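Have a look at the structure below, then the notes.
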There are 2 protein chains.
Amino acid sequence: MTHPFTCGLDAVLFVMGSKWKPLIVYHLAHRTLRYGELRRSVGKVSDKVLAQQLKELVADGIVARRDFRQIPPHVEYSLTPFGSSLSQALTQLCEWGTHHAAELAEIAERSASGTKGEPVTSAQ
Amino acid sequence: MTHPFTCGLDAVLFVMGSKWKPLIVYHLAHRTLRYGELRRSVGKVSDKVLAQQLKELVADGIVARRDFRQIPPHVEYSLTPFGSSLSQALTQLCEWGTHHAAELAEIAERSASGTKGEPVTSAQ
DNA sequence: CGGCATCCTAAAAGATACTG
DNA sequence: CAGTATCTTTTAGGATGCCG
């Protein structure tokens, strides 16, 4: 048991398998950010979700949280060395996405127009 | 509009952002597989989910489907060149996961035992 | 054998309101 | 400012059964 991981990939997915985590790591890879900055960077994410995923990332040793214990609050997030190595492993994937952004955008549009109403029925 | 991609990463997540797709791509990276082989390789995945994700991957130009049009059916899946390049971009991440499998397994155990208050009561 | 249709559950995500 | 609590919505995933 317990690493039910069939390959390194689902091991990764275990810690990164949620909508915003890769983005969080990506943004923190550039620099340390305060909570509010991070929220704005990541985009349209709610406090609940961001705080929750952040907490998990901290628990998983990927993100470090530094609380200045002030009023008003001041909390900074950054990557741990472990998280940093992860962010580097993401680089290749990120570059692939950037490189194929055009194709991916087309794909996105295509599935956006026919996802529910019409299954993609690739008659092939 | 429509590539609301803030970086290459969510572009990738758009096509790979589901539980089994990375694994499917991973297994097909080794060799062409028949539907049944793939299902067994991937692990505990239902037909509905596998077929669905496979269809999306085909629609997205990542996986190629070859139907021999026979009875009994014989269908083979393989990566397209596009999918192949994606699988290579996943390599680094996969290696990271493999390399850190031990830490990740610990993390998995920890979150399994004490994440919220009590574990996911999934008797499974 | 390789699916697809239906139904169902669990988990993720989101909106909103409120607090130290 | 940085969250937490609560509720609702959305989505993914799974079990089963049928059909070509």
Side-chain angles (χ1 to χ4, degrees), chain A residues 4 10 13-24 32-59 63-78 111-112 115-124, chain B residues 4 10 13-24 32-59 63-78 111-112 115-124:
Chain A
D10 37 314
L13 293 177
F14 187 82
V15 288
M16 295 294 281
S18 46
K19 191 171 175 182
W20 301 105
K21 282 180 182 176
L23 274 311
I24 292 170
T32 294
L33 292 170
R34 295 184 58 169
Y35 178 88
E37 294 177 308
L38 189 56
R39 176 156 39 83
R40 269 169 265 126
S41 301
V42 167
K44 224 190 91 41
V45 61
S46 69
D47 280 322
K48 182 210 151 201
V49 172
L50 180 58
Q52 173 189 293
Q53 317 241 318
L54 232 20
K55 207 158 38 167
E56 290 173 11
L57 287 170
V58 169
V63 166
R65 178 181 188 274
R66 183 174 179 199
D67 188 342
F68 286 78
R69 297 221 145 263
Q70 301 175 352
I71 301 290
H74 180 160
V75 179
E76 289 183 354
Y77 290 92
S78 59
S111 23
T115 303
K116 290 244 157 123
E118 345 231 340
V120 238
T121 334
S122 56
Q124 199 249 346
Chain B
D10 39 313
L13 293 177
F14 187 82
V15 289
M16 295 294 281
S18 46
K19 190 171 175 184
W20 301 105
K21 283 180 182 175
L23 275 310
I24 292 171
T32 295
L33 292 170
R34 295 184 59 169
Y35 179 87
E37 293 178 308
L38 189 56
R39 177 156 37 83
R40 268 169 267 127
S41 300
V42 167
K44 224 190 93 41
V45 61
S46 69
D47 281 322
K48 181 208 154 201
V49 173
L50 180 57
Q52 172 189 294
Q53 317 240 316
L54 232 19
K55 202 155 54 164
E56 291 173 11
L57 287 170
V58 169
V63 165
R65 178 182 188 273
R66 184 174 178 199
D67 189 341
F68 285 79
R69 298 222 145 263
Q70 301 175 352
I71 302 289
H74 181 160
V75 179
E76 289 183 355
Y77 290 93
S78 59
S111 23
T115 303
K116 292 249 152 130
E118 251 318 290
V120 261
T121 353
S122 59
Q124 208 254 346

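Every chain is numbered from 1 and lettered A, B, ... according to where its sequence line falls, protein lines coming before strand lines. What you are looking at is a predicted structure, and each value in this text was computed from that prediction instead of being measured.
Between C/dG3 and B/Tyr77, a contact under 4.0 Å exists linking OP1 or OP2 to a side-chain N or O. The side chain of A/Gln53 contributes an N or O atom lying less than 4.0 Å from OP1 or OP2 of C/dA13. Contact annotation: A/Lys19 side-chain N/O to D/dT10 OP1/OP2 distance is not under 4.0 Å. The phosphate of D/dT4 has neither OP1 nor OP2 within less than 4.0 Å of any side-chain N or O from A/Gln52. Look at B/Arg34 and you won't find any side-chain N or O under 4.0 angstrom from OP1 or OP2 of C/dC1. For A/Arg65, a side-chain nitrogen or oxygen approaches OP1 or OP2 of D/dG3 to under 4.0 Å. Proximity of B/Lys21 to the phosphate of D/dG13: no side-chain N or O atom is located under 4.0 Å from OP1 or OP2. When the side-chain nitrogen and oxygen atoms of B/Trp20 are compared with OP1 and OP2 of D/dA12, none of them lie within a distance under 4.0 Å. Close to C/dC4, at under 4.0 Å from its OP1 or OP2, lies no side-chain N or O of B/Tyr35.
Across all their heavy atoms, A/Thr32 and A/Glu76 have their closest contact at CG2-OE1, 3.6 Å. Here the shortest heavy-atom pairing between B/Leu50 and B/Val45 reads N-CG2, 3.9 Å.
For A/Leu13 and C/dA11, the CG to P distance is 18 Å, given to the nearest whole Å. C/dG3 atom C1' lies 19 Å from atom CZ of B/Arg66, rounded to whole Å. Remark: P of C/dA12 and CD1 of A/Ile24 are 14 Å apart, rounded to the nearest angstrom. Rounding to whole angstrom units, CG of residue B/Leu38 and P of C/dC1 are separated by 15 Å.
Mapping A/Ser46 and B/Arg39 onto DNA chain C by nearest heavy atom places B/Arg39 at the nucleotide closer to the 5' end. Comparing A/Val49 and B/Pro72 by the nucleotide of DNA chain C whose heavy atom lies nearest to each, the residue mapping closer to the 5' end is B/Pro72.
Between B/Lys21 and B/Val15, every side-chain heavy-atom pair lies at or beyond the 4.5 Å cut-off.
Using a 4.0 Å heavy-atom cutoff across all strands shown, A/Phe68 reaches no nucleic acid atom at all. Residue A/Lys55 is in sugar-phosphate contact alone, with no base atom involved, counting any heavy-atom pair closer than 4.0 Å across all strands shown. Within 4.0 Å (heavy atoms only), A/Glu37 reaches no atom of the nucleic acid at all.
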Would you sort out whether A/Tyr35 and A/Leu54 count as a side-chain contact (heavy atoms from CB on, under 4.5 Å), showing the intermediate values? CA-CA 9 Å; A/Tyr35 178 88; A/Leu54 232 20; 4.2 Å; yes
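With rounding to the nearest 0.5 Å, the separation of CZ in B/Arg65 from OG in B/Ser78 is 12.0 Å.
The base of D/dA15 does not come close enough to the side chain of B/Lys48 for any donor and acceptor atom to sit less than 3.5 Å apart.
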